[in-house]
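Data block below; observations after.
Indexing begins at 1, ligand by ligand and atom by atom, following the structure's order. All residue numbers in this chain count up from 1 along the given sequence. Below, all heavy atoms of this structure are taken into account, side chains as well, without hydrogens, waters or symmetry copies.
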Amino acid sequence: MGAIAAEIAVDPGRVESDLWALAALVEADLPGWTRTALGPVDREARELVLRWMADAGLETTVDGAGNIVGRLRGAGATGRSLMVGSHTDTVVGGGRFDGIVGVVGAIEAVRALREAGRELEHDLVVVDFFSEEPNEFGLSCLGSRAMVGELTAEHLGLLDDRGRTLADALAEIGIDASALLGAHVDFSGVDAFLELHIEQGPYLEQQGSQIGLVESITGVSRFRALFTGRADHAGTAPMGLRHDAGCAAAGTVLAVERIAGEGVQTRGTSGQVTFTPAAVNVVTARADFRGEFRGPEGEWLRQAQEQLTAAAQDEGRQRGVGVEVDWLPLQEPAPMSGPVLSALAGVVDGLGYSSSRLFSGAEHDAAVIARKVPSGMIFVPSHDGRSHCPEEWTDLVDVTAGVTTLTHALLALDQQ
Ligand code: GLV
Ligand code: MN
Ligand code: MN
């Protein structure tokens with residue numbers, strides 16, 4: 001044990017039972033532990049979080065973007081606050097820890113502080129951000145983007161595979177598009193933002209570290225490419241006379257891998273390719289392809305965009321296939337705040353946990369909030385680095401170390 005006495009008791013049993021209660025809320029017809037933001041179960045999860053926040057003594061609201069927000073008034077009455085949170089939605093076929101560790105952890109930090117009689121000077125604002133994972137429209141971090149005022153009518157007009165707009169999909173779950181656009185927050189009184197999260201990669205395990213302190217969060221660039229060819233008979237259309245949209249898309253899938261494979265921390269993923277008609281004996285007339293690049297440098301992402309657009313056009317040209325590549329607004333890499341990182345490092349050392357600093361290849365609400373507020377992230381190890389899959393696992397002892405770090409970090413930041 002380090003120099004910080006752990007007189008503030010985080011309750012591992014309570015953390016575990018909250019994690020399992022949230023994780024159990026899944027879409028039964030989908031694989032793994034699925035709770036998509038626009039699906040039928042996510043609302044139940046956010047309502048549960050709302051109840052927990054109220055029970056923990058927070059003043060709760062649901063903002064226009066569906067974010068669940070709880071405020072614990074500080075003793076200082078200064079109007080200044082600290083913000084903390086993460087998300088409760090999951091990817092399809094995801095695991096039980098991504099996002100909810102940070103939401104459960106933040107609420108547990110409030111309980112632990114109150115039970116220890118430790119009142120902060122700052123208000124403490126806990127947020128369960130709506131829709132962090134990329135949805136059917138390819139858009140991630142809806143709730144945090146709405147908070148920083150970054151969502152536009154263009155985002156709301158994005159289409160899914162069924163031709164539905166994002167605004168319509170939100171209306172179906174009771175979120176009004178105009179309220180979403182108006183949900184921005186004045187961050188001038190917020191002194192720091194913290195997010196606790198699982199690492200989702202193998203680094204901490206490899207280093208034997210209990211805690212990860214994030215130095216920066218990856219930039220992300222997502223695209224949708226539409227290839228328009230011609231349907232023909234699979235048995236009679238000669239190979240040289242085809243306009244096969246599927247082959248043009250397949251060539252572009254490989255280009256994503258090649259472009260990203262040339263860097264070190266750069267990543268490229270072809271997440272979704274849909275062929276129409278989906279029939280074994282018809283040449284593909286239309287391919288709808290969504291993918292992304294990630295990396296620690298915005299300049300590399302811009303180059304990757306140009307290279308991929310050129311590669312897609314080349315694949316189309318070779319086959320007489322039309323190509324349209326649309327890029328979503330690029331998310332720049334997000335450095336975490338130096339002073340917040342130093343405060344976190346002091347706390348981790350004081351608590352006697354082993355730690356490593358690292359780059360996050362996963363995106364997070366913290367990357368969005370960091371555009372307005374000095375931000376920091378605390379990571380806990382992921383077994384075998386697995387995440388976005390049902391096998392995702394973090395030991396309770398590590399989750400507890402993360403929650404303990406978060407709790408003491410709030411105290412440290414409160415004093416600054
Ligand atoms: C979110 O988990 C992401 O990195 O896609
Ligand atoms: Mn995720
Ligand atoms: Mn996450």
- prompt: Glu132 heavy atoms, cut-off 4.0 Å: which ligand 1 atoms fall inside?
  reply: 1 (C)
field: Numbered atoms of ligand 1 (with element) below 4.0 Å of Ala362, judged on heavy atoms
entry: 4 (O)
query: For Trp20, is the NZ or CZ atom of Arg96 found under 6.0 angstrom from the centre of its six-membered ring and inside 45 degrees of the ring axis?
result: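 Geometry flag: set, cation within 6.0 Å and 45°.
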- request: Say whether Thr36 and Glu27, considering side chains only, have a donor N or O and an acceptor N or O under 3.5 Å apart.
  value: yes
- prompt: Got a sec: is His197 within less than 2.8 Å of the Mn ion (ligand 3) via an N/O/S atom?
  reply: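 Under 2.8 Å: His197 contacts the Mn ion (ligand 3) through an N, O or S atom.
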- prompt: From the Mn ion (ligand 3) out to just under 2.8 Å, does an N/O/S atom of Asp98 turn up?
  reply: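 Yes - counting backbone and side chain alike, Asp98 has an N, O or S atom under 2.8 Å.
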Is it true that [X] and [Y] make a salt bridge, defined as a side-chain N closer than 4.0 Å to a carboxylate O?
{"X": "Arg111", "Y": "Asp18", "value": "yes"}
{"X": "Arg43", "Y": "Glu47", "value": "yes"}
{"X": "Arg319", "Y": "Asp244", "value": "no"}

message: Between Phe379 and His364, is the ring centroid distance below 6.0 Å?
response: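 Yes, the ring centres sit under 6.0 Å apart.
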message: Before we go on, tell me: are the rings of Phe289 and Phe223 under 6.0 Å apart, centre to centre?
response: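 Ring centres of Phe223 and Phe289 closer than 6.0 Å.
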- prompt: Just heavy atoms, cut-off under 4.0 Å: does His364 contact ligand 1 by side chain, backbone, both, or neither?
  reply: neither
message: Against ligand 1, does Arg294 come closer than 4.0 Å with any heavy atom?
response: yes
- line: Closest to the Mn ion (ligand 2), among the N/O/S atoms of His388, is atom NE2
- request: Measure the distance from atom 2 (O) of ligand 1 to every protein heavy atom, then report the residue, atom name and distance (to 0.1 Å) of the closest one.
  value: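 Checked against all protein heavy atoms, atom 2 (O) of ligand 1 sits closest to His388 NE2, 3.0 Å.
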task: Looking only at protein heavy atoms, identify the closest one to atom 1 (C) of ligand 1 and say how far it is in Å.
output: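 Nearest neighbour among protein heavy atoms for atom 1 (C) of ligand 1, to 0.1 Å: Glu133 OE1, 3.3 Å.
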- prompt: Can you tell me if an N/O/S atom from Glu133 lies under 2.8 Å from the Mn ion (ligand 2)?
  reply: yes
